[in-house]
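Below, chains carry the letters A, B, ... as their sequence lines are ordered, and counting in each starts from 1. Owing to the predicted nature of the structure, the values given are computational and were not obtained by experimental measurement.
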Amino acid sequence: MIIFIAGATASGKTALATILAKQLNTSIVSADSMQIYKGMDIGTAKETDEILGVRQYCVDMISPKENFTVVDYRNVAEKAIIDIESQNKTPIVVGGTGYYISSLMFEMSFGFGTNKSSDIRMDIEQQYNNNGIDALYSELERLDPDSANKIHKNNTRRVMRALEIVKTTGIPYSKQDPTDKYIRDDILLYILSSSNRAKRNDRISSRVEYMFQRGLQGEVESLISSGVEFDMQSMHGIGYKEWQGYFNGKSSLDDVKDLIKKNTRSYAKRQDTWFNNKYEIAKFIDVEDQNDLTIDKIVQEISNYNIK
RNA sequence: GCCUUGGUAGCUCAGUUGGUAGAGCAAUGGACUGAAAAUCCAUGUGUCGGUGGUUCAAUUCCACCCCAAGGCA
């Protein structure tokens with residue numbers, strides 16, 4: 001069996017997973033696209049294994065100067081899962097990056113093994129930089145009309161990717177495996193959700209305040225001075241990208257703080273729509289309802305599941 | 001007490017030479033197959049401060065009142 005705990009930011013995933021991991025004497029696999037980066041701790045609300053008292057996989061794995069993709073994630077996370085299971089333990093995957101969670105749950109093709117640095121890819125990017133998206137979109141309409149139909153023209157990143165896939169593999173993007181084929185049938189998925197938007201927003205605010213207290217500014221400064229730049233993938237994370245204006249002298253510290261709060265709120269909303277609509281097997285736990293959150297109840301459910 | 005300028009969407013404001021109104025931001029919903037904390041899409045009814053008056057018709061014009069900011073006493 002494998003347990004997944006997902007949910008929007010500030011829903012208390014880590015706390016719940018930690019208690020559960022201790023009870024089950026097992027380890028955690030993080031599914032978080034930002035905690036993967038070394039040196040990005042405060043802004044990602046990362047905790048050390050020592051503080052949690054639980055071993056975490058897939059945290060602090062790569063330099064903030066490197067790129068990282070879902071497929072990279074899936075590779076390392078699958079190894080982590082195998083490692084935990086080889087100790088006869090039940091892995092607990094915890095995180096807010098829905099895409100990463102899906103990559104472990106469904107059989108996904110991710111572009112049939114295309115190579116991200118192929119000539120075709122370079123050529124497409126070149127064309128986009130020179131002529132914009134129109135011609136590329138028309139080409140996609142010709143080669144893979146189904147995808148063109150589903151992908152909005154303004155979503156240039158997806159338009160280019162779809163085009164790259166048909167052109168390099170000959171198979172349309174729209175023909176990839178459907179995302180309803182589960183990799184295994186012993187999955188237990190809990191989604192932490194909030195029935196009270198105002199309360200969650202308050203939690204987000206105090207979480208951001210806490211990050212500032214812990215020295216978020218210093219963390220960003222030391223990333224910058226170690227050569228990390230704002231156009232790198234890692235710096236697109238919330239809590240980091242917002243500092244650009246401050247270092248340009250265009251915005252105040254309060255501006256930065258408010259922006260981070262706002263971006264976190266809308267991120268949580270995006271997570272909601274993902275988690276609410278993607279998984280039929282999900283069991284929802286309302287974090288505003290203490291009865292729902294009772295750990296005994298969850299442990300009971302897990303052991304019932306094992307008997308089945 | 002008097003004068004001036006305001007009162008329109010959650011906020012900042014525009015506008016209607018009289019035919020019940022629209023931008024930005026915020027907010028809300030949605031999509032997601034190798035950048036996903038990314039990327040993208042969709043959504044604007046609000047006693048136009050209140051009460052009367054003029055008018056076929058008032059948020060718009062008139063009168064009085066209330067509130068806010070500034071000025072004079």
Looking only at side-chain N and O atoms, does [X] come under 4.0 Å of OP1 or OP2 in [N]?
{"X": "A:N154", "N": "B:rC40", "result": "no"}
{"X": "A:Y99", "N": "B:rG34", "result": "yes"}
{"X": "A:R158", "N": "B:rA36", "result": "no"}
{"X": "A:Q271", "N": "B:rA36", "result": "no"}
{"X": "A:K241", "N": "B:rA38", "result": "yes"}
{"X": "A:R197", "N": "B:rG29", "result": "yes"}
{"X": "A:Y100", "N": "B:rA36", "result": "yes"}
{"X": "A:T97", "N": "B:rA37", "result": "yes"}
{"X": "A:R265", "N": "B:rA27", "result": "yes"}
{"X": "A:R161", "N": "B:rG34", "result": "yes"}
{"X": "A:K269", "N": "B:rA27", "result": "no"}
{"X": "A:K150", "N": "B:rA31", "result": "no"}

| Is there aromatic stacking of A:F110 against B:rG34, centre distance under 5.5 Å, plane angle under 30°? | no
| remark: Between the CZ atom in A:F284 and the OH atom in A:Y279, the distance rounded to the nearest 0.5 Å is 10.0 Å
| request: Please write out which residues are connected to A:I120 in a hydrophobic cluster, directly or through intermediates, given that two of Ile, Leu, Val, Met, Phe, Trp, Tyr count as joined at side-chain heavy-atom separations below 4.5 angstrom. | output: A:F112, A:I124, A:Y128, A:I133, A:L136, A:Y137, A:L140, A:L143, A:I151, A:V159, A:M160, A:L163, A:I165, A:V166, A:I171, A:Y173
| task | Ignoring hydrogens and angles, answer whether the base of B:rA37 and the side-chain atoms of A:N263 contain a donor-acceptor pair closer than 3.5 Å. | result | no
| request: With sequence neighbours left out, write down each residue that passes ring pair (Phe, Tyr, Trp, His ring centres under 6.0 Å) with A:Y99, or none if nothing qualifies. | output: A:F110
| said: Categorize A:G43 for me: base, sugar-phosphate, or nothing, with a 4.0 angstrom heavy-atom threshold over every strand shown. | reply: base
